[in-house]
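Beneath this line is the structure, given in structure tokens, with notes to follow.
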Amino acid sequence: MAFTLPNGAALTLPPHATGADAAAAIGAGLARAALAVKVDGITLDLARELPTDGERRIEIITEKSGAEALELIRHDTAHVLATAMLELHPGVKISIGPAIENGFYYDFDFPDGVSLSDADFPAIEARMREHVRADERFVREDVSVEAALERFRAEQQPYKVELIEDLVRNAPVDAPVTSVSLYTNGPFTDLCRGPHAPSTKRIKAFKLQSVAGAYWRGDSARKMLTRVYGTAFLSQAELEEHLERLERARANDHRRLGPQLGMFQFSEVSPGAAFWMPGGTAVFNELVRLSREMGAARGYLEVKTPQVFDSHLWKTSGHWDKYRENMFVTEYEEREMALKPMNCPGHCQLYAMAPHSYRDLPLRLWEPGLLHRREASGTLHGLLRVRHFAQDDSHIFCTEEQIQAEVAGVLAFAADTYGLFGLDVHYELSTRPEVRIGSDELWDRSEAALAAALDSLGLPYVVNAGDGAFYGPKIDIHMTDSLGRSWQLGTCQLDYNFPERFDLTYIGADNAEHRPVMLHRALMGSYERFIGILLEHFSGELPLWLAPRQVTVLPISERHAAYAAEVLQRLAASGLRADVDSRDEKVGRKVRDAELAKVPYMLVVGDREAAERQVGVRVHGGGDLGAESLDGFIERVLARVRERDLLREGTA
RNA sequence: GCCGACGUAGCUCAGCUGGUAGAGCACUUCACUCGUAAUGAAGGGGUCGGGGGUUCGAGUCCCCCCGUCGGCUCCA
């Protein structure tokens, strides 16, 4: 048997050689370090006989193989967790336990009345450590479906039985499933595809992190299981580093930063709705101003539509059927009314209020509309998921021929917007779902138009097959928060449905009525979510133009109060957000507090500055820049604000 | 909405096996009048998330509700 190693060298092995044999043939050190073997891109256990077909490129996976090694031992650790859990809770039903991005989980079903909390972790971890220390081998065994079913029925493991039955049922006709693989480590045997490291001792460091509920098979109609999350590493040091990283990320959580910086707070009197303090309101307004300016330059027309609409409108739009449980419904004078959860029906209504010529299209309506959605309590998450928010929402009415150009325009606008903040976003194209309206031919064209627009701008994207809206495909733009959770910001959706439902028309060049196409788009998404993401992205150090407080004046003693007031007056008159720290404190203290508040500029004023009409400039994180004339300072800072400079002075 | 945990002063948190609340910061006042990351002293401030219950007595134990956090489902 001949193989090719990653460095191009040839390796010849006797027949029936295993991955372990291959590693040993290369070197004794490699044999000791080996975790698994990869043949033609497929990872296998070391103990398995190597396949003889294919190109036979072979690579030994060791602890130094990075992500692949981590994935292996995390999956191993999940098995060890299940091992310990079965010993500590003999009646527990096990389901699945995969490796995930930063660790692993295992889902359990505990007998009624038994619940798990993180207080139970030390005992479970101790039992897990015993199994790791015992250096138990992972032994693979291929058994017939019947034997496997019999085994898990005997062990009263219904989830495993269901998994096997589904494997058989969902197998393609030309490749029926007749056997499954089992992995045994110590006293525990699990249904598992593999691969695994040779033995439990390869798990060098692990930790259980949290317990959470998770629906069996992700289906909210099914039973909720108990999920235990954990992580594992190839050294204790790496584990600790990872945990420290998580700790640091928590300091960037917008829910901590927002109140700290005096931007917003939440209250029990209105769950899921932020109270915006002056500082946060300033940030919010700057963003609205930005989208207004950028939109105006790209042909968007600002409109304002009502907050509350008669249910007739929602019946026309389809929301009454599809979205009612997410709406705040009210009633007066025997009319059923609802707060708007989206702007589109209002914009359609507005479009229909006047006749339109093809010459008017595309018509780009924009509204930073306030929306209310009755989100389930468990889904609320700081500013990233709220019940009351505003979107930079637009509806573009155009002809079918204009679709691709309009989508390209929206994507270019999006790239400009995100570029201004240095945000690293990723794009997803969601295509036709099972339940949909419209002909396949229409969907072909719609999806092609969106894909063509993405391609024309050279934007990489992943396809979410079947994830489109029932009325059309969409492009979603995502970004991750400080803890690695992904959130959708922008969206661009193609819609043939609403124009139909609202009977929207335009008069074409042929003097006949035609149906326009509608594009729904938001770039920042909701201003609330966008601000949350920005806070985390900048660790609370918002760029100068966005900072809740841009300048703070620090008089050295009470004697300088008058000059400080004059400086503040000049700053405020030039449109800068500024204040004076007139507390009876030493400058050192005032500087410290301003630094902690992440204020971009601190102006120290004392006798020297007052005499020369200067200010002592200090930049956040950048130290003392020395004295400068007040006029010069204001001019320079205003220029940077106008440019919406991303970087802070002195930190470039 | 579902599973689990948590909820003490504006903030961060103490409060052992039940015996009618405490610290630091913040705030107010006074002294100091100060040059780039915490001046000192004094003082005010709490329905212990809300409501029931057990008990001679509940921040501590039990039940219900609300909110928050970690997930799941859903979503901008």
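If you're wondering where the values come from, they're calculated on a predicted model, not measured in any experiment. Every heavy atom of this structure was used, including side-chain atoms; hydrogens, water molecules and symmetry mates were not. Proteins get letters first, then strands, A, B, ... in listed order; numbering begins at 1 in each.
With salt bridges taken as basic N to acidic carboxylate O contacts below 4.0 Å, one links A:Arg227 and A:Asp107.
Between A:Lys474 and A:Asp467, the shortest heavy-atom contact is CE-O, 3.7 Å.
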Completion exercise
Quick tally for nucleotides 65-76 of chain B: nucleotides whose base has a protein heavy atom under 4.0 Å get B, sugar-phosphate-only ones S, the rest -, giving -SS-SBBBBBBB
Completion exercise
B/S/- along nucleotides 37-48 of chain B (protein heavy atoms under 4.0 Å) is BBB---------
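Between the P atoms of B:U54 and B:U73, the separation comes to 43 Å (whole Å). Taking atom P on both B:A23 and B:U33, the two are 31 Å apart, rounded to the nearest angstrom. Only the P atoms considered, B:G53 is 30 Å distant from B:C11, to the nearest whole Å. Taking atom P on both B:U8 and B:U47, the two are 13 Å apart, rounded to the nearest angstrom. B:U39 and B:G46 have their C1' atoms separated by 29 Å, given to the nearest Å.
Side-chain contact of A:Arg217 with A:Tyr215: a donor-acceptor pair under 3.5 Å is absent, judged by distance alone. Under the 3.5 Å distance criterion, with hydrogens and angles disregarded, a donor-acceptor pair is assigned to the side chains of A:Tyr527 and A:Ser291. A:Thr231 and A:Gln209 share no side-chain donor-acceptor pair at under 3.5 Å. Between the side chains of A:Trp216 and A:Glu162, at least one donor N or O lies within less than 3.5 Å of an accepting N or O. Side-chain atoms of A:His560 and A:Asp607 include a donor-acceptor pair closer than 3.5 Å. Side-chain contact annotation: A:Asp579 with A:Thr552, donor-acceptor N/O pair under 3.5 Å present.
Taking a pair to require two hydrogen-bonding distances under 3.5 Å in either a Watson-Crick or a G-U wobble arrangement, B:G40 pairs with B:C30. Of all nucleotides present, only B:U68 satisfies the Watson-Crick or G-U wobble test against B:A5, with each distance under 3.5 Å. Base pairing analysis places B:G24 opposite B:C11; the two distances defining the Watson-Crick or G-U wobble pair are each below 3.5 Å. With a 3.5 Å ceiling on both atom-pair distances, the Watson-Crick or G-U wobble partner of B:G19 is B:C56. Across all strands shown, B:G45 forms no Watson-Crick or G-U wobble pair with both key distances under 3.5 Å.
Counting non-hydrogen atoms under 4.0 angstrom, A:Leu116 reaches the backbone sugars and phosphates but no base. Nucleic acid contact class of A:Glu325 (heavy atoms, under 4.0 Å, all strands): none.
To the nearest angstrom, P of B:G1 lies 21 Å from NZ of A:Lys223. Here B:C6 presents its P atom at 8 Å from CG of A:Asp118, a figure rounded to the nearest Å.
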Contacts under 3.5 Å, N or O only, protein and nucleotides 8-16 of chain B:
none

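Counting non-hydrogen atoms of other residues, nucleotides and ligands closer than 6.0 Å to CZ of A:Arg636 gives a total above 12. Other residues, nucleotides and ligands place more than 12 heavy atoms under 6.0 Å from the CD atom of A:Gln157.
When each of A:His381, A:His426, A:His478 is paired with A:Trp487, the ring-ring contact (aromatic ring centres under 6.0 Å, His included) condition holds for A:His381 and for no other.
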